[in-house]
Student: 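Before I ask anything, here is the structure I am working with.
Sequence lines set the chain letters: A, B, ... in the order given, protein chains first and strands last, and positions in each chain run from 1. The analysis underlying the following values was restricted to heavy atoms, covering all of them including side chains, and did not include hydrogens, waters or symmetry mates. From a predicted model like this one, the values you see are computed outputs, not experimental measurements.
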Amino acid sequence: MNDKAQEPCAPCGSGGSRPVDFIRKIILDDMASGKWGGKVITRFPPEPNGYLHIGHAKSICLNFGIAAEFGGRCHLRFDDTNPAKEDEEYVEAIKEDVRWLGWDWGEHLYYASDYFDKMYEFAVALIRKGKAYVCDLTPEEVRRTRGTLTEPGVESPYRNRSIEENLELFERMRAGEFEEGARTLRAKIDMASPNLNLRDPVLYRIIKAPPHHRTGTKWCIYPMYDYAHPISDSLEGITHSICTLEFEDHRPLYDWVLEELGIHHSQQIEFARLNLTYTVMSKRKLHELVRGGYVSGWDDPRMPTLRGLRRRGYTPEAIRDFCARIGVAKTDSVVDYQLLEHCLREDLNKRAPRAMAVLKPLRVVITNYPDDQVEWLEAINNPEDPSAGTRLVPFSKVIYIDQDDFREVPPPKYYRLAPGREVRLRYAYFIRCTEVVKDAAGNVVELRCTYDPATRGGNAPDGRKVKATIHWVSASHAANAEVRLYEHLFTKPDPDDVPEGETFLANLNPNSLIVLRDCKLEPMLAEAHPGTTFQFERVGYFCVDSVDSRPGALVFNRAVTLKDQWAKIEKKLTEESS
RNA sequence: AGGCGAGUGGCGCAAUUGGCAGCGCAUCUGACUCUGGAUCAGAGGGUUCUAGGUUCGAAUCCUAGCUCGCCUGCCA
């Protein structure tokens, strides 16, 4: 059971005094007035027709978070009212993702399909009240008679059938006597309503094609969202039914259903869904990326899905922190991706063990170092966490450093290695570059350096300073790995910003994945388990790929870079010179 | 055009409900540093959509307007 979620805590979430959003204010008021008898019951109602993404995380954290803060509970309910679109495949995946995020629904796992019998009975009750009727109009005719934004619709010729006839026809709909699309059950509300959702909305439609993933072929009529959702909420005793802005127009219908049925009436509250720069969030577009092979799957590390983010190296803690920071409001907004990255860095900085890894190796021979000598030098696992301890890394005559850490002609403010310059090899020695070896094409292929034996461990007894400390890996001890560098999937902050006639696919970033092979890692990394994340010192956070990595054929994903002051300076320099 | 909703530094959110417009991210300085990371100190950045009005006082209240979002599935 879910003890964690039953326990009240501060309404502003963990970690201090974040402002209380408008939804929590409503709940605070309800608690004060005793409106729901002190109860807070929320729900997260995904349709099992796709994988969860970061936008769902916002909703999950809102619903489960509120329940936890107010000592209530949050239900996980699959909104499975359309067998044509839904699949069992997604149910387990969704449960797994919610759990991974750190939330627990306890025993409160539900399916809208659990309520099909009840919903049918309620529909009969509506018919008896004269509030619903069986309509024989075709989908096309329904569309034509609905009217427009400015003109009222016209009433269906079947609108005034007798209750008895409606009862009989509805029963025959259920019995499967009619073809798909032949008839619907409609609410009798108001064809002239300025709110189109109230123009005799369809409550039930006939779907015979694929069997339902849970009820099989028991039903061939299925309730529409606008009818199923309020009833599901009601049956579960939901107090606050939190959904996104586009359902605002549906609230009058939500209320109508509950009002007419005279059953528990939860309050629907709408908030703005999450948008992120450089990211598409709609299920349709995500599907398109997967189907079109633009990404390797739903768990591609460039996807904003929870599975993608997880594989990329994002932690549940970082995502929850992010969700807390973005707030909840009714304004359509686009959150800067950098905030997400900030949250990840902040989490990983405290927790990720450090390692040395050379992504673009440049061979360095320490000319005055004994040929066959190997020294194991002590390195700190995490400067932010003394309890993480230390480890030993091997040092020898031939090492690799990153190509970025050497410049034959150093630009101003570049203070890493260059001919004649001295730098510190982290945890090892000071070295000075004495010779640059090039191939026939003039490419630098090797550096020859001397080391100062007195600087063992990285400290100079004479107190002399070096401007830079760089990372390195002993050539003969190095583990090889493939490293995947990821960038935004799209080149524009708004992927939908495209010329007339083009789609968001036109903004796909051709460099969103760059694969580096023969990267050199310190030996300890060969042992790393899939899914664990390290900070490659001075470079970024990297996660062992949980799908493709094998012992002896390691694959790491870059979750996020470290902040890079030099990159900014360099960018400014190149901008100035051009 | 009809209905509903929303407009506060570049971005995301606050503002005890009429009382000095703040916070986070981002940006820029500087300090420190065996990660150009982290940390620390500081700075810049606002006609609170506009115009009127009420008031000693308006982001907040009133009026008019503007802009943006959503709504014409037998999807959710």
Side-chain angles (χ1 to χ4, degrees), chain A residues 17-21 45-47 49 79 81-82 84-86 135 137-139 142-144 146-153 180-186 193-199 201-207 221-222 224-226 228-229 243-252 270 272 274 277 283 325-343 345-346 349-350 354 356 379-380 383-384 413-416 424-428 430 455 457-460 465-471 493 535-540 561-569:
Chain A
S17 52
R18 249 183 261 285
V20 174
D21 59 73
E47 184 187 15
N49 71 343
D79 212 345
T81 56
N82 187 351
K85 296 196 169 180
E86 294 144 10
C135 180
L137 258 23
T138 65
V142 169
R143 195 177 317 127
R144 269 205 330 263
R146 183 157 30 228
T148 68
L149 295 179
T150 47
E151 301 155 328
E180 282 194 23
R183 282 180 228 256
T184 57
L185 182 75
R186 291 230 256 165
S193 171
N195 182 343
L196 298 259
N197 296 120
L198 264 22
R199 318 245 258 231
V202 172
L203 266 22
Y204 268 92
R205 75 297 210 182
I206 300 169
I207 300 176
I221 56 171
Y222 291 91
M224 298 285 289
Y225 168 88
D226 283 315
H229 209 86
C243 63
T244 43
L245 249 29
E246 68 270 25
F247 293 103
E248 215 151 12
D249 284 344
H250 296 242
R251 186 172 0 114
E270 311 85 11
L274 171 67
T277 56
K283 251 179 220 176
R325 286 183 192 234
I326 56 178
V328 180
K330 299 194 71 159
T331 327
D332 284 301
S333 61
V334 185
V335 174
D336 194 334
Y337 200 93
Q338 289 179 106
L339 179 60
L340 217 208
E341 296 187 324
H342 169 82
C343 293
R345 288 194 189 101
E346 193 169 80
N349 175 50
K350 288 178 301 193
R354 314 288 132 122
M356 291 200 285
I380 295 166
E384 304 291 322
K413 297 208 176 157
Y414 181 89
Y415 39 82
R416 276 112 95 151
R424 171 168 38 234
L425 295 177
R426 177 140 237 225
Y427 301 125
F430 287 14
T455 58
N459 299 302
K465 301 281 185 202
V466 286
K467 288 281 275 185
T469 300
I470 66 175
H471 58 278
Q535 183 196 100
F536 289 178
E537 292 213 40
R538 306 205 310 130
V539 183
T561 63
L562 249 29
K563 285 210 262 181
D564 189 348
Q565 194 60 38
W566 166 246
K568 279 181 192 168
I569 295 168

Student: Ignoring backbone atoms, test whether R186(A) places a side-chain nitrogen or oxygen under 4.0 Å from the OP1 or OP2 oxygen of G73(B).
Tutor: no
Student: Could you state the atom-to-atom distance from OH of Y225(A) to P of G73(B) in whole Å?
Tutor: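 One finds 18 Å between P of G73(B) and OH of Y225(A), rounded.
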Student: How is L340(A) classified with respect to the nucleic acid when contacts are heavy atoms under 4.0 Å: base, sugar-phosphate, or nothing?
Tutor: nothing
Student: Base, sugar-phosphate alone, or nothing: which one does S333(A) contact when heavy atoms must sit under 4.0 Å apart?
Tutor: sugar-phosphate
Student: Partner of G22(B) by Watson-Crick or G-U wobble geometry, both contacts under 3.5 Å, or none?
Tutor: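 WC or wobble partner is C13(B).
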Student: Considering only side-chain heavy atoms of A329(A), which listed nucleotide, A76(B), A38(B), A14(B), is closest?
Tutor: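 Closest of the options to the side chain of A329(A): A14(B).
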Student: Using atom C1' in both nucleotides, what's the gap between A31(B) and U47(B) to the nearest angstrom?
Tutor: 37 Å
Student: Might you list the N or O atoms of the protein lying below 3.5 Å from N or O atoms in nucleotides 2-6 of chain B, with each pair's distance?
Tutor:
residue	atom	partner	partner atom	Å
G2(B)	N3	L149(A)	O	3.4
G3(B)	N2	D249(A)	OD1	3.3
G3(B)	N2	D249(A)	OD2	2.8

Student: Which part of the nucleic acid, if any, lies within contact of Y222(A), taking any heavy atom under 4.0 Å across all strands shown: a base, the sugar-phosphate backbone alone, or nothing?
Tutor: nothing
Student: Between A21(B) and A64(B), how many Å separate the two C1' atoms, rounded to a whole number?
Tutor: 26 Å
Student: If we call it a pair only when both distances are under 3.5 Å in a Watson-Crick or G-U wobble match, what pairs with G73(B)?
Tutor: none
Student: Can you tell me if K350(A) touches the phosphate of A38(B), counting only side-chain N or O atoms and a distance under 4.0 Å to OP1 or OP2?
Tutor: no
Student: Closest approach to the side chain of D336(A), judged atom by atom: which nucleotide of A38(B), G10(B), A76(B) is it?
Tutor: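 So the nucleotide nearest the side chain must be G10(B).
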Student: Counting heavy atoms from C-beta on, name the nucleotide in C74(B), U27(B), G36(B) closest to the side chain of V142(A).
Tutor: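 The answer is C74(B).
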Student: At 4.0 Å (heavy atoms only), tell me whether Y204(A) reaches a base, stays on the sugar-phosphate, or touches nothing.
Tutor: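 Counting heavy atoms under 4.0 Å across all strands, no contact is made by Y204(A).
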Student: Is any side-chain nitrogen or oxygen of R205(A) closer than 4.0 Å to OP1 or OP2 of A76(B)?
Tutor: yes
Student: Paired with U54(B): which nucleotide, if any, by Watson-Crick or G-U wobble criteria at under 3.5 Å for both distances?
Tutor: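 None - no nucleotide pairs with U54(B), as no candidate has both distances under 3.5 Å.
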Student: Under 3.5 Å for both donor-acceptor distances, Watson-Crick or wobble: does A59(B) have a partner, and if so which one?
Tutor: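 WC or wobble partner does not exist here.
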Student: Please give the distance between the P atoms of C11(B) and U48(B) as a whole number of Å.
Tutor: 16 Å
Student: Across all strands shown, which nucleotide pairs with G37(B) by Watson-Crick or G-U wobble geometry, both distances under 3.5 Å?
Tutor: none
Student: When the P atoms of G73(B) and G12(B) are compared, how many Å lie between them, rounded to an integer?
Tutor: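 After rounding to an integer number of Å, I get 31 Å for this pair.
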Student: From A14(B), A76(B), G36(B), pick the nucleotide closest to the side chain of T81(A)?
Tutor: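 Shortest atom-to-atom distance from the side chain points to A76(B).
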Student: When the C1' atoms of C75(B) and C61(B) are compared, how many Å lie between them, rounded to an integer?
Tutor: 42 Å
Student: Can you tell me how far OH of Y427(A) sits from CD1 of I380(A), rounded to the nearest 0.5 angstrom?
Tutor: 4.5 Å
Student: Send over the distance from D79(A) CG to C75(B) P, rounded to a whole Å.
Tutor: 13 Å
Student: Mind checking V334(A) for me? I need base, sugar-phosphate or nothing, with any heavy atom below 4.0 Å counting as a touch.
Tutor: sugar-phosphate
Student: Calculate the interatomic distance between H229(A) atom NE2 and C75(B) atom C1'; express it in whole Å.
Tutor: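 Value for this atom pair: 14 Å.
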Student: Could you give the distance separating G7(B) and A15(B) at their P atoms, to the nearest angstrom?
Tutor: 12 Å
Student: Pick out the pairs of N or O atoms, protein on one side and nucleotides 21-23 of chain B on the other, that lie under 3.5 Å.
Tutor:
none

Student: For nucleotides 40-43 of chain B, print each protein N/O atom paired with a nucleotide N/O atom at under 3.5 Å, atom names and distance only.
Tutor:
none

Student: Please determine, for the side chain of R146(A), which listed nucleotide (A76(B), U72(B), A26(B)) has the closest atom?
Tutor: U72(B)
Student: When the C1' atoms of U8(B) and C23(B) are considered, how many whole Å apart are they?
Tutor: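 Pairwise C1' distance, U8(B) against C23(B), rounds to 13 Å.
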Student: Please report, rounded to the nearest Å, how far the P atom of G37(B) is from the OH atom of Y415(A).
Tutor: 8 Å
Student: Between C13(B), G36(B), C70(B), spot the one nearest the side chain of P19(A), thanks.
Tutor: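 It is C13(B).
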Student: Given A26(B), A76(B), U35(B), which nucleotide is nearest the side-chain atoms of E246(A)?
Tutor: A76(B)
Student: Does any nucleotide pair with C32(B) by Watson-Crick or G-U wobble geometry, both distances under 3.5 Å, and what is it?
Tutor: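 Its partner is none (no Watson-Crick or G-U wobble pair with both distances under 3.5 Å).
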Student: Is H471(A) near enough to U35(B) that one of its side-chain N or O atoms lies under 4.0 angstrom from OP1 or OP2?
Tutor: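 Checking U35(B) against H471(A), no side-chain N or O comes under 4.0 Å of OP1 or OP2.
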Student: Please pick, from G73(B), U72(B), A38(B), the nucleotide with the shortest atom-to-atom distance to any side-chain atom of K563(A).
Tutor: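 Among the listed nucleotides, the one closest to the side chain of K563(A) is A38(B).
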Student: For I380(A) and U33(B), what is the distance between atoms CD1 and P respectively, to the nearest whole Å?
Tutor: 15 Å
Student: Could you check which of G12(B), C25(B), U35(B) has an atom nearest any side-chain atom of L339(A)?
Tutor: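 Closest of the options to the side chain of L339(A): C25(B).
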Student: If the P atom of A51(B) is compared with that of G37(B), how far apart are they to the nearest Å?
Tutor: 44 Å
